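Okay, structure first, notes after.
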Amino acid sequence: MTTTPTLPAPPVAPTALEPRRALRVVGVSGSLHEPSKTTALIAEILRRVGAHLDVQSSLIEVASIGPAFAGALTRDALPPEARDALEQIETADLLVVGTPVYRASYTGLFKHLFDFVEQYALVGRPVLLAATGGGERHALIIEHQLRPLFGFFQALTLPLGVYASTSDFDGYVLREGGVSERIDLALERALPILSHGGRETPSDRISTW
């Protein structure tokens, strides 16, 4: 005698869709100066993300908070403004991070800030990478320095990064042209991910490998 297996009931469709909250988008500028071309680039990317999606954005500047955490060795020793910056980073739906090229890498305070980020807080988090430098020869910082850093966090670095050199700015304002077009292309590639709520859901095991 055979029995027919009992199939689980299909999920009940909701009667009304809950309104989707605004995406939390956090920019991080690793520049040590104010004003800053890096900060201007990050701010412009944030502005353009907001032109496509409903977002709640904020910008963290290492130049502003760096003195508050530069001497700290543990997270418990951080002042409130530094802990608030970490919480913003760890709870963002999208990170837009950028740094000027310094000694062929990111700035030390940029790295020190992310040294305090909890190791598994960014698993599956979309991250748009950006950098600025004196010339085009530094553009590979995005692939050789920034992408491996966020690979450690198991974040979802978006396909295209944005690099801008000094010639791409008029003072601290981004010029129209190649870099501006690259921002648009980077966002075009990112929108299919961001329009579904931002972060990818990691498996139960990936974060403990």
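Note that this is a predicted model, so its numbers are computed, not measured. Side-chain atoms are counted along with the backbone in the values below, which use heavy atoms only and exclude waters and symmetry mates.
- Under the 4.5 Å side-chain heavy-atom criterion for ILVMFWY residues, a single connected hydrophobic cluster contains both V162 and L191.
- With values rounded to the nearest 0.5 angstrom, D84 atom CG is found 9.0 Å from I65 atom CD1.
- Checked options L129, I193, L95; the residue passing with L158 is I193 (criterion: side-chain contact (heavy atoms from CB on, under 4.5 Å)).
- Looking at L187 and L128, their side chains come closer than 4.5 Å, going by heavy atoms from C-beta outward.
- When hydrophobic clusters are built by joining Ile, Leu, Val, Met, Phe, Trp and Tyr residues whose side-chain heavy atoms come closer than 4.5 Å, directly or via intermediates, V49 is not grouped with F150.
- The residues E87 and R83 are annotated as not salt-bridged, no charged nitrogen and carboxylate oxygen being separated by less than 4.0 angstrom.
- The shortest non-hydrogen separation linking E143 to P148 is O-CD, 3.3 Å.
- Taking both residues in full, the closest heavy atoms of A92 and V26 are given as CB-CG2, 3.6 Å, listed atom of the first, atom of the second, then distance.
- Counting heavy-atom neighbours within 6.0 Å of H33 NE2, excluding the residue itself, gives a total of 12 or less.
- Among all heavy-atom pairs drawn from A22 and Q56, the shortest one is CB-N, 4.0 Å.
- A salt bridge (Lys or Arg N to Asp or Glu O under 4.0 Å) with E90 is found for exactly one of R24, R75, R125, namely R75.
- Side-chain contact between L146 and F110: present, with at least one pair of heavy atoms (C-beta onward) separated by less than 4.5 Å.
- By the 4.5 Å heavy-atom criterion applied to side chains, F114 and Y106 are not counted as neighbours.
- For the atom pair L122 CG and L156 CG, the distance stands at 11.5 Å (nearest 0.5 Å).
- Between the CZ atom of R175 and the OG atom of S167 there is a distance of 7.5 Å, given to the nearest 0.5 Å.
- Of all heavy-atom pairs spanning A164 and L174, the tightest one is CB-CD1, 4.4 Å.
- Contact detail for V62 and G30: the closest heavy-atom pair is CG2-CA, 4.0 Å.
- More than 12 heavy-atom neighbours from other residues, nucleotides or ligands sit within 6.0 angstrom of CD on E81.
- Remark: I89 CD1 to I60 CD1 distance equals 4.0 Å, nearest 0.5 Å.
- No continuous path of ILVMFWY side-chain contacts below 4.5 Å connects I45 to V173, so the two sit in separate hydrophobic clusters.
- Contact check on D93 versus R21 returns a salt bridge, with a Lys/Arg side-chain nitrogen under 4.0 Å from an Asp/Glu carboxylate oxygen.
- Here the rule is side-chain contact (heavy atoms from CB on, under 4.5 Å) with V28, and of I42, T38, T39, V97 only V97 fits it.
- Here the CD1-CG distance, from I183 to L160, works out to 12.0 Å after rounding to the nearest 0.5 Å.
- Note on V127: it does not cluster hydrophobically with V123, by side-chain heavy-atom contacts below 4.5 Å among ILVMFWY residues.
- The 12-atom threshold is not exceeded at OH of Y102, counting heavy atoms of other residues, nucleotides or ligands nearer than 6.0 Å.
- One hydrophobic cluster, built from ILVMFWY side chains closer than 4.5 Å, holds both F153 and I141.
- L23 has its side chain out of reach of L94: every pair of non-hydrogen atoms, C-beta onward, lies at least 4.5 Å apart.
- For H112 (side chain) and A72 (main-chain N/O), a donor-acceptor pair under 3.5 Å exists by modelled atom type.
- To the nearest 0.5 Å, atom NE2 of residue H138 and atom NE2 of residue H144 are 14.0 Å apart.
- Checked by atom type and distance alone, the side chain of E118 pairs as donor or acceptor with a backbone atom of A121 at under 3.5 Å.
- Residues L41 and D168 form no side-chain contact, since every pair of their non-hydrogen atoms from C-beta on lies 4.5 Å or further apart.
- S29 and E61 share no donor-acceptor pair across their side chains, judged by distance under 3.5 Å alone.
- By the 4.5 Å heavy-atom criterion applied to side chains, Y163 and R182 are not counted as neighbours.
- For T99 (side chain) and T107 (main-chain N/O), a donor-acceptor pair under 3.5 Å exists by modelled atom type.
- For the pair V101 and Q145, the minimum side-chain heavy-atom distance is 4.5 Å or more.
- The heavy-atom pair separating Y172 from A40 by the smallest distance is O-CB, 3.2 Å.
- Residues S64 and E34 have side chains in contact (heavy-atom distance under 4.5 Å, counting atoms from C-beta outward).
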